[in-house]
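So the structure is just underneath, and the comments pick up after that.
Note that the structure is a prediction, hence the values are computed from the model and not measured.
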Amino acid sequence: MIYSQLNRVGVICIILGLTVLLAACGGSSETGNSSKPAPQPESQVATNKSEDEPTDTSESTSATAEKAEAPRTIPHLKGELTLTETPQNIVVLDVQYVDQFLALGLLPSGSVVATTDNSELPKYLGDQLGDIQIVGTREDPNLEAIIALEPDLIISTEFQDKVYEDLLKIAPVLKMERNEDWRSVLQTFGTIVNKPEVAKKVLSDYDAKIEELKGKLADKLQNETVALIRPRDNIVRLHMTSHRTSEILYVDLGLNPPPMAVDSEQTSLPISLEVLPELGADHLFLLRDDTNVELTEEFQKTSIWKNLKPVQNNQIYDVNTVLWVGYYGPTAINMIIDQIAETFAIDLGL
């Protein structure tokens with residue numbers, strides 16, 4: 001009798017042990033998601049890993065195979081995403097990421113647009129856009145359209161927080177901070193699509209370009225100041241030194257901001273037209289777009305505007321808001337650099 005009972009116990013232990021082993025081999029989770037993981041498509045190329053799960057650090061004997069196939073763990077705002085294969089069908093939920101992927105030689109299968117007009121994609125990208133599908137707006141992505149594309153990776157931002165759990169039911173999701181520096185975004189995307197060297201080359205070319213322009217601008221402008229303004233909502237929005245477009249001017253190119261524009265936290269400062277002369281900038285980049293045409297023209301008719309030093313010295317330069325503020329990919333950034341060089345009649349010689 002005792003022997004029989006022991007046999008039963010032994011069988012039960014074996015069954016329990018196999019159950020635990022199978023569970024350990026099949027489980028996966030994403031840090032920061034809900035405790036009950038959302039179902040993922042069978043064809044997914046990414047697995048979600050919790051922070052306490054050990055990472056396989058073994059090295060492949062073939063450097064080529066390792067570079068092409070080794071799992072790549074990408075940290076993001078919801079934890080970590082481990083790619084077991086290179087995604088081929090990517091949907092981006094911020095249009096600036098189209099520029100980023102094109103710089104890496106790839107076109108996302110779908111993208112949202114930044115405005116309620118869901119028929120517009122960045123015109124400056126021209127015929128590079130191919131047959132990319134529009135999947136709603138940044139604020140209101142079209143889940144049915146995303147499902148129809150059968151993506152193996154979705155890249156979102158904080159703008160899609162309300163549908164994040166729904167997106168997880170479609171495909172693995174990588175959540176990015178929308179205002180993250182475009183250079184680090186490019187490097188992340190280079191890792192995702194297994195093209196880190198392409199990303200490095202884009203960045204090294206940019207560094208060479210701005211270094212040449214930076215030196216020539218310093219020689220030409222000396223200590224003159226430059227500011228970036230945008231008429232809006234019956235005031236003038238002054239873009240501060242911490243604004244990511246302003247950083248191109250002041251950090252990348254080393255231009256001098258007027259004291260009023262210096263702020264390490266606030267990205268913009270609303271000032272009235274009457275206060276604008278106190279800015280005291282020698283050069284003004286004026287952001288124009290369809291939303292501020294009438295207001296800008298109204299300001300330009302005033303004596304306050306006409307008496308501004310950069311206006312009287314013909315040192316105020318119209319630039320497009322959509323390009324300068326809306327898109328932060330390598331193509332757009334390089335176009336901004338080219339426009340700055342052209343503005344100050346500088347030949348980059350590259």
Side-chain angles (χ1 to χ4, degrees), residues 96 99-100 102-103 122 124-125 178-187 199-231 236-269 271 276 279-289 308-311 313-350:
Q96 63 182 332
D99 188 326
Q100 296 272 2
L102 283 173
Y124 72 91
L125 293 174
R178 186 178 188 275
N179 287 329
E180 183 176 347
D181 184 81
W182 68 273
R183 281 163 281 216
S184 63
V185 172
L186 183 67
Q187 290 173 310
K200 288 180 181 178
K201 179 65 166 56
V202 172
L203 294 177
S204 64
D205 287 348
Y206 176 76
D207 289 342
K209 189 174 190 176
I210 62 172
E211 278 305 306
E212 178 175 355
L213 181 55
K214 182 177 182 178
K216 292 181 177 180
L217 284 171
D219 291 340
K220 190 157 197 171
L221 299 183
Q222 300 297 323
N223 294 321
E224 294 178 354
T225 59
V226 177
L228 180 65
I229 62 169
R230 180 184 183 186
V236 175
R237 177 170 292 185
L238 171 63
H239 289 280
M240 313 300 275
T241 51
S242 57
H243 187 274
R244 59 181 186 171
T245 301
S246 296
E247 288 179 348
I248 299 172
L249 300 174
Y250 306 128
V251 178
D252 292 359
L253 296 177
L255 296 175
N256 297 313
M260 188 184 295
V262 177
D263 195 307
S264 60
E265 296 181 0
Q266 188 177 6
T267 59
S268 66
L269 176 68
I271 60 177
L276 187 57
L279 177 62
D282 296 300
H283 301 267
L284 284 178
F285 283 101
L286 171 63
L287 292 164
R288 280 182 179 267
D289 56 79
L308 291 174
K309 181 169 62 173
V311 173
N313 293 336
N314 197 30
Q315 293 180 165
I316 184 165
Y317 320 109
D318 287 5
V319 293
N320 182 262
T321 308
V322 178
L323 178 66
W324 277 55
V325 176
Y327 304 120
Y328 287 90
T331 304
I333 300 298
N334 273 281
M335 289 179 71
I336 292 172
I337 295 298
D338 291 341
Q339 288 181 10
I340 294 171
E342 183 178 355
T343 294
F344 294 107
I346 293 174
D347 183 7
L348 291 177
L350 295 174

> Where do Thr245 and Leu287 land on the side chain to side chain contact (heavy atoms under 4.5 Å, CB included) test, with the steps shown first?
Replying inline: CA-CA 11 Å; Thr245 301; Leu287 292 164; over 6 Å; no
>> So, taking the atom named CD1 in Ile248 and the one named CD1 in Ile337, what distance separates them when rounded to the nearest 0.5 Å?
In response: 6.0 Å
> Side chains of Pro231 and Leu286: does their closest heavy-atom pair fall under 4.5 Å?
Replying inline: yes
>> Please check if the number of heavy atoms outside Asn313 that lie under 6.0 Å from its CG is greater than 12.
In response: yes
> Taking all atoms of both residues into account, what is the closest heavy-atom pair of Pro257 and Thr225, and its distance?
Replying inline: O-CG2, 3.9 Å
> With a 4.0 Å cut-off, would you call Asp205 and Lys209 a salt bridge?
Replying inline: no
> Do the side chains of Leu253 and Leu255 get nearer than 4.5 Å, heavy atoms only?
Replying inline: yes
>> To the closest 0.5 Å, what do you measure between CG (Leu217) and CD1 (Ile346)?
In response: 4.0 Å
>> Can a donor-acceptor pair be found, under 3.5 Å and without considering hydrogens, that links the side chain of Gln100 to the backbone of Trp182?
In response: yes
> Does the ring of Tyr328 carry Arg244 above it, NZ/CZ under 6.0 angstrom from centre and within 45° of its axis?
Replying inline: yes
> If you look at every heavy atom in Gln266 and Ser268, which pair is closest and at what distance?
Replying inline: NE2-O, 2.9 Å
> Would you find a donor on one side and an acceptor on the other, under 3.5 Å apart, between the side chain of Asp289 and the backbone of Val322?
Replying inline: no
> If you round to the nearest 0.5 Å, how far is CG of Leu269 from NE2 of His243?
Replying inline: 13.0 Å
> Can you check whether Asp338 reaches Leu348 side chain to side chain, under 4.5 Å on heavy atoms?
Replying inline: yes
> Shortest non-hydrogen contact from Leu238 to Ile229?
Replying inline: CD1-CG2, 4.0 Å
> Going by the angle between their ring planes, with limits at 30° and 60°, are Tyr317 and Phe285 parallel, tilted or perpendicular?
Replying inline: tilted
> When rounded to the nearest 0.5 angstrom, what is the spacing between CG in Leu102 and CG in Leu125?
Replying inline: 5.5 Å
>> Can you confirm whether Leu323 sits close enough to Gln339 that some side-chain heavy atom of one is under 4.5 Å from a side-chain heavy atom of the other?
In response: yes
> Counting only heavy atoms not in Glu224, do more than 12 fall under 6.0 Å of its CD?
Replying inline: yes
>> Does the plane of the ring in Phe344 sit parallel, tilted or perpendicular to the ring in His283? Use 30° and 60° as the thresholds.
In response: perpendicular
> Considering all heavy atoms of both residues, which atom of Ala332 and which atom of Tyr327 are nearest to each other, and what is their separation?
Replying inline: CB-O, 3.6 Å
> Quick one: does Pro330's side chain get under 4.5 Å of Leu186's, heavy atoms only?
Replying inline: yes
> Can you tell me how far the CZ atom of Arg230 sits from the OG1 atom of Thr321, to the nearest 0.5 Å?
Replying inline: 5.0 Å
>> Just checking Asn223: does its CG atom have more than 12 heavy atoms from other residues, nucleotides or ligands closer to it than 6.0 angstrom?
In response: no
>> Under 4.0 Å between a side-chain nitrogen and a carboxylate oxygen: does that hold for Lys216 and Asp347?
In response: no
>> With heavy-atom distances below 4.5 Å as the criterion, would you say the side chains of Asp282 and Lys309 are in contact?
In response: yes
> Do Asp252 and Leu249 have side-chain heavy atoms sitting under 4.5 Å apart?
Replying inline: no
> Hey, what do you get for CD1 (Ile340) to NZ (Lys214), rounding to the nearest 0.5 Å?
Replying inline: 13.0 Å
> Which heavy-atom pair separates Val226 from Tyr250 by the least distance, and what is that distance?
Replying inline: O-OH, 2.6 Å
> Would a 4.5 Å heavy-atom cut-off, applied to side chains only, mark Thr267 and Ser242 as touching?
Replying inline: yes
